[in-house]
Amino acid sequence: MEILISIVAKVAELLVVPIKRQIGYVLDCNTNIQNLKNEVEKLTEAKTRVIHSIEEARRNGEEIEDDVENWLRSVHGVIEGGDGVVGDESSKKCFMGLCPDLKIRYRLGKAAKKELTVIVDLREKGKFDGVSYRAAPSGTGPVKDYEAFESRDSVLNAIVDALKDGAVNMVGVCGMPGVGKTTLVKKVAEQVKEGRLFDEVVLAGVSQTPDIRRVQGEIADGLGLRLDAETDRGRASQLYERLKKVTRVLVILDDIWKELKLEDVGIPSGSDHEGCKILMSSRNENVLSICLKFSNKYFKLEVLPEREAWNFFEKMVGVTVKNPSVKPVATEVAKRCAGLPILLAAVATALKNKDVHAWKDALKQLKEFDKDGIANPVYSCLELSYKALRGDEIKSLFLLCGQFLTYDSSISDLLKHAIGLDLFKGRSKLEEARNSLRTLVDELKASCLLLEGDRDGRVKMHDVVRSFAISFALREHHVLAVADEFKEWPTNDVLQQCTLQQCTAISLPFRKIPDLPAILECPNLRSFMLLNKDPSLQTPDNFFREMKELKVLDLTRVNLSPLPSSIQFLENLQTLCLDHCVLEDISIVGELKKLKVLSLISSNIVRLPREIGKLTRLLLLDLSNCERLEVISPDALSSLTRLEDLYMGNSFVKWETEGSSSQRNNACLSELKLLSNLITLDMQITDADNMPKDLFSSFQNLERFRIFIGDGWDWSVKDATSRTLKLKLNTVTQLEEGVNTLLKITEELHLQELNGVKSILNDLDREGFRQLRHLHVQNCPGVQYIINSMRTGPRTAFLNLDSLFLENLDNLEKICHGQLKEDSLGNLRILKVESCPRLKNLFSVSMARRLVRLEEITIIDCKIMAEVVAEESENDAADGEPIEFTQLRRLTLQWLPQFTSFHANVEESSDSQRRQKLVASDARSKEIVAGNELGTSTSLFNTKILFPNLEDLLLSSIKVQKIWHDQPAAQPPCVKNLASIAVESCSNLNYLLTSSMVESLAQLKSLEICNCESMEEIVVPEGIGEGKMMSKMLFPKLLSLVLVSLPKLTRFCTSNLLECHSLKMLMVGNCPELKEFISIPSSADVPVMSKPDNTKSAFFDDKVAFPDLEEFRIAEMDNLKVIWHSELHSDSFCKLKTLQVFLVKNLLNIFPSSMLGRFHNLENLFINCCDSVEEIFDLQVLINVEQRLDVTTSQLRVVRLTNLPRLKHVWNRDPRGVLSFDNLCTVHVGGCLSLRSLFPASVAQNLLQLEELQIVNCGVEEIVAKDEGLEEGPEFWFPKATDLNLEHLPELKRFYPGIHTSEWAGLKKLRVHHCEKIEIFPSEIKCSQEPCREDHMDIEGQQPLLSFRKV
């Protein structure tokens, strides 16, 4: 009876609960819909918060995380779905709305309940810790003016080949100074980046006296990493962890002079990170050998052969050398340059366009030097170039550059020193001196004596040139520039080359120095520069007392609390730089009446005293990044009437309101009106209400400015021009009070939260922003138009505008409303529009025609954007000529739910409207009419808009049905230069390309298609449904192919052969219907090259040719059983280095016997969560072959096998005599419960490179399987093994079944946990003098895992 009651109760439960649930959908319909409304609102708010964070990140130049962008895409779709359910609420009643429609209520109630769950889940997932990351700078970049010497090419190729070698971690280049090592390693960086050998490539210059913090900083910059640790060790740890996260990274350390410990910098090497490779260059072969740990993988860069040297020299000199009287002399001069490119370039430049007498004089000078050693010829060549410089000014500047021994120097620092030293005679104005400086810097670059710096506004010297400059300045001008460790201060011994009494300049840039003397007696000293690296260094109070002639004092990172009183004796001082110093009261500086330059960059100064106002000769005051500066004494600034440059960026903002100085405690903005000579101004005004009406009208000579009005601006963002204005204003009246004066000369303008402005042009500058080059408009809800010429008639506007960024403009309806004159916007290159919900299109036809220089268009998240180019007038409609964007290189269209076409012509628009009427009426339906309708549907591109040079195309979350028109005759010529195509979340696309387009895609390098739920085929035959196919399909330059989350994809294409000769990386994931990469439909009328396979279909067969493929990732392919067919194309997959297989549940094995010889270059193997895999390497057939070939050595280094519950064998037979796995370094096996042993005996006996072995949570009984063919007592040696980890192995009994010997001489880490059946050490430890061997047997005949030897 109880059983019967239990059964009845269970049946009732199974019947009643579902019925109750279904009825609940009807009864709770209103509640569900209201809850859905609430959750949609919350999700919309969450989305808005995320978008705001994204906007802030983008303003800071950061990249957005992929999961954040994926979340936003999901939110877009879900909100639309939720709105669809809520919007259908009105249909809940029937009979004129008088009675409820139960069927509709049921449907809506159920849909709302289902949608509610999704929305709540999404909202939780949207709680991101951060939405962005700092993008890595361009880093190494292309090598400018690289000369491809034949003798260098072989070394270049050899280095690249060495870096490709999986067994090589470090590579070196050595050669004498000036031979071209730096240029070569930069070219290597460029080449490996182009070839995608590494995920990241970073370069750091080390130099003669390595500054670890700078080296760390350069590497971090290349990785986009911000190092915030205080100590070098902390920074090293941060850098180490970041580099460990990069699978393949190349670190280039250039110009190493002495041993550099990688761990001090934070660079992993060897077994710490096998994917991190290091390229070093040095002039010292012994140093390089030590740094490379005595590896023989280094290459010597010799001087140029005589013929190459002459050809280069002749090319640099030009036609002069053709003169018969000059050529023989020139030949001798070239020989004196010793085959060094740097000297050949410098001398050739110095003698270019000179007559024969100058050439003979130069040769005479070169011959006068002693020929012993290379240094003298080198210096003689550089001295010749130095003497060829015209005038004392440029020569003095060259020697001054030599004193800046840091890796590179800013031109602004050079200017500060040059002003103090009176380098430019007769130029009393700072601006005149700046112009002269830039002219001379350009001349030094042209003379090959100065190089471009790593960033804008910076320059650097080749170390050979710098060495000469230091030597020459010491010899001729008594300049002491310390290039290495400074052990003691020079004495006044007459035998010394430079005594303190003679010194005219001392330069100590970031060098370890002894304590400063109490008084430095240097009566002739004109310049003293100390860039300190020792925070404990103290400056004696009388240190400067005997430097009466000093004109330049530059102290960086020095503790000057208090400021030495002896500074007041520097009555001739003209430049004082106390950057990054610890400062308190600096009132004493007011006594330096001749001071022209005062720089306090990034110092911790809190108060600028009134005494600074005494510096009436001051031309430049730099308070940049003085974030603690809170007080500027009243009238201090206004007294500096000769001031030309005032830098206050990221500094003082506490301006007081107007009032007499006696009533104020701080400076007010009106004081700046007295600085009528200002040419450069950086400042921020957080409260626009404090601005005097005519403040900026006072600056008639302003040439450069960064003026930020309003709060929240980020000073760390690099501005594109020297005239930048950023505005956040409450009312337009604040513009009329002086800011409009600046608008007319501004080159870069940022507008945020600007109230009262409807048209940017009409309301801000009716003259048309003639000098503006970059315009950013964000978060301005009142803006309707950028240009409105409907009332004023056609206008000329934005003649020089280069880029236009529009973001979060809720009411923007048009960029241009009305007509423009012909030249308007003619120089626009970049246009980015994001989150402008009322914008329907970007341009009219007439406006589009004038955008002849447009290179980049980006449109993101514009809800009603339907097309880019629209017909807005009768003239537009009547204009039948195609529009050609000849310069457009990049096009990005994302999150545009109403987008149909780049430019829809009338016929296509009417067709589209007819088709939309056929779409199912269900509000939740996403079905798109297909089949025969597909041939007539609107395409994204058509013949009315042409992009002949388009290179990068990104389409995401747009609902177009086709990208290109089907018919070849109508094909727009916009694909021939395409290098990158990325298509994401385009749910209506059935295919990407037609077969006729493939031939035009000869430049395609990257193809990525993700989350396209209707995509069935990537390339379809011409003519839908005709069953036609091509005999061969070729993508000659394709490097990367990604196919992810395409639920309906059945094949890549229909062809007898797909050739991708350059393909390096292939990724396929979550494409459940894709069982064969290329398949031939039964209706195809072209004969198949390969024989039909009646067994299981394989993913790859002989119809794919991927000879250069190096990385293959495949994941979430549940229906896939076999990856490789027994017959493959002749050279396909032979270069495969990395194979990753993840969540392929029905896959049976990884490598069949017939394929093993093909994969001998494989280095990394990762197999995870493949439920059906029983074996990795199938050796059955190979072992049974009677005729044995030579043993093939596998390059396999890393094996990771995890969560393979049915895995029985890694190797199903011992590969002895067939395959060798000698290069294995890392083996991780986990979650393989059916695995009984890991290694066959022959594999284990040859693991001499093994460094790390980890076996976790497996059914392993023995690590090495028994081999009956082995002699008794086999030996296993693991000389490089450092880490052995055995955990949760309940069945593990032994290392090897039988008497054996194993040695682990280098073992550092041993972890054995939850392995109950194995004895780790012998119960009675025996000590011997023999090597560490495992040869003890217990009473049951089972050896322990390890034993010891006496040491």
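Every value quoted in this text rests on a predicted model; they were computed, and no experiment measured them.
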Taking the side chain as every heavy atom from C-beta outward, state whether [X] and [Y] have any atom pair closer than 4.5 Å.
X      : Y      : value
Leu888 : Asn949 : no
Thr724 : Phe708 : yes
Leu672 : Leu637 : yes
Val868 : Phe899 : yes
Val597 : Leu576 : no
Val739 : Ile709 : yes
Leu761 : Asn788 : no
Thr892 : Asp952 : no

query: Near Lys673 NZ, under 6.0 Å, is it more than 12 heavy atoms from other residues, nucleotides or ligands?
result: yes
Enclosure of Arg853 CZ (heavy-atom neighbours >12, cutoff 6.0 Å): no
Does a salt bridge link [X] with [Y], judged by any charged N lying under 4.0 Å from a carboxylate O?
X      : Y      : value
Glu431 : Arg704 : yes
Arg890 : Glu856 : yes
Arg889 : Glu855 : no
Arg849 : Glu884 : no
Lys445 : Glu452 : yes
Lys726 : Asp714 : no
Asp763 : Lys758 : no
Glu671 : Arg664 : yes

message: Students often mix this up, so state it plainly: with edges at 30° and 60°, are the rings of His817 and Tyr785 parallel, tilted or perpendicular?
response: parallel
Verify, without hydrogens or angle tests, whether [X] (side chain) and [Y] (backbone) share a donor-acceptor contact under 3.5 angstrom.
X      : Y      : result
Arg438 : Ala433 : no
His903 : Val869 : yes
Ser651 : Leu623 : yes
Asn827 : Leu799 : yes
Ser633 : Ala636 : no
Thr858 : Val833 : no
Gln574 : Leu421 : no
Asn779 : Glu753 : no
Ser824 : Leu820 : no
Asn811 : Val783 : no

What's the shortest heavy-atom distance between [X] and [Y], and which atoms?
X      : Y      : value
Ile830 : Leu828 : O-CD1, 3.7 Å
Arg723 : Leu702 : NH2-O, 4.3 Å
Gly818 : Met790 : CA-SD, 3.5 Å
Leu743 : Phe769 : O-CD2, 4.0 Å
Ile864 : Pro837 : CG1-O, 3.3 Å
Ile394 : Glu443 : CD1-OE1, 3.4 Å

query: After noting the C-alpha distance and the side-chain angles of Asp422 and Lys596, does the key distance pass the salt bridge (Lys or Arg N to Asp or Glu O under 4.0 Å) rule?
result: CA-CA 11 Å; Asp422 292 322; Lys596 295 180 180 179; 3.6 Å; yes
message: Tell me if the centroids of the rings in Phe902 and Phe947 come within less than 6.0 Å of each other.
response: yes
Is there a donor in the side chain of [X] and an acceptor in the side chain of [Y], or the other way round, less than 3.5 Å apart?
X      : Y      : answer
Ser599 : Lys416 : yes
Gln894 : Asp861 : no
Thr657 : Asn690 : no
Asp442 : Thr439 : no
Ser803 : Arg773 : no
Trp715 : Gln684 : yes
Glu748 : His750 : yes
Asn762 : Ser759 : yes

message: What verdict does the salt bridge (Lys or Arg N to Asp or Glu O under 4.0 Å) test give for Asp802 and Arg829, after you've listed the backbone C-alpha separation in whole Å, the side-chain angles of each residue and the deciding distance to 0.1 Å?
response: CA-CA 5 Å; Asp802 180 81; Arg829 288 191 314 109; 2.5 Å; yes
CH2-CG distance between Trp655 and Asn666, expressed to the nearest 0.5 angstrom: 8.5 Å
message: Nearest 0.5 Å, please: how far is OG in Ser412 from CG in Leu415?
response: 7.5 Å
field: Result of checking Glu393, Glu432, Glu644 against Arg427 for salt bridge (charged side-chain N to carboxylate O under 4.0 Å, His left out)
entry: Glu393
Side chain to side chain contact (heavy atoms under 4.5 Å, CB included) evaluation trace for Ile745 with Phe699: CA-CA 12 Å; Ile745 60 172; Phe699 307 137; over 6 Å; no
message: For a side chain to side chain contact (heavy atoms under 4.5 Å, CB included) check, start with the C-alpha distance between Val777 and Phe805, then their side-chain angles and the critical distance, and finish with the verdict.
response: CA-CA 6 Å; Val777 187; Phe805 300 86; over 6 Å; no
field: Thr616 and Thr641: CA distance, side-chain angles, deciding distance, side chain to side chain contact (heavy atoms under 4.5 Å, CB included) verdict
entry: CA-CA 7 Å; Thr616 56; Thr641 55; 5.8 Å; no
- prompt: Passes side chain to side chain contact (heavy atoms under 4.5 Å, CB included), Leu444 versus Leu397? Steps please.
  reply: CA-CA 9 Å; Leu444 287 173; Leu397 178 61; 4.0 Å; yes
- request: Might you work through the salt bridge (Lys or Arg N to Asp or Glu O under 4.0 Å) test for Arg838 and Asp810, ending with a clear yes or no?
  value: CA-CA 7 Å; Arg838 298 186 64 182; Asp810 292 343; over 6 Å; no
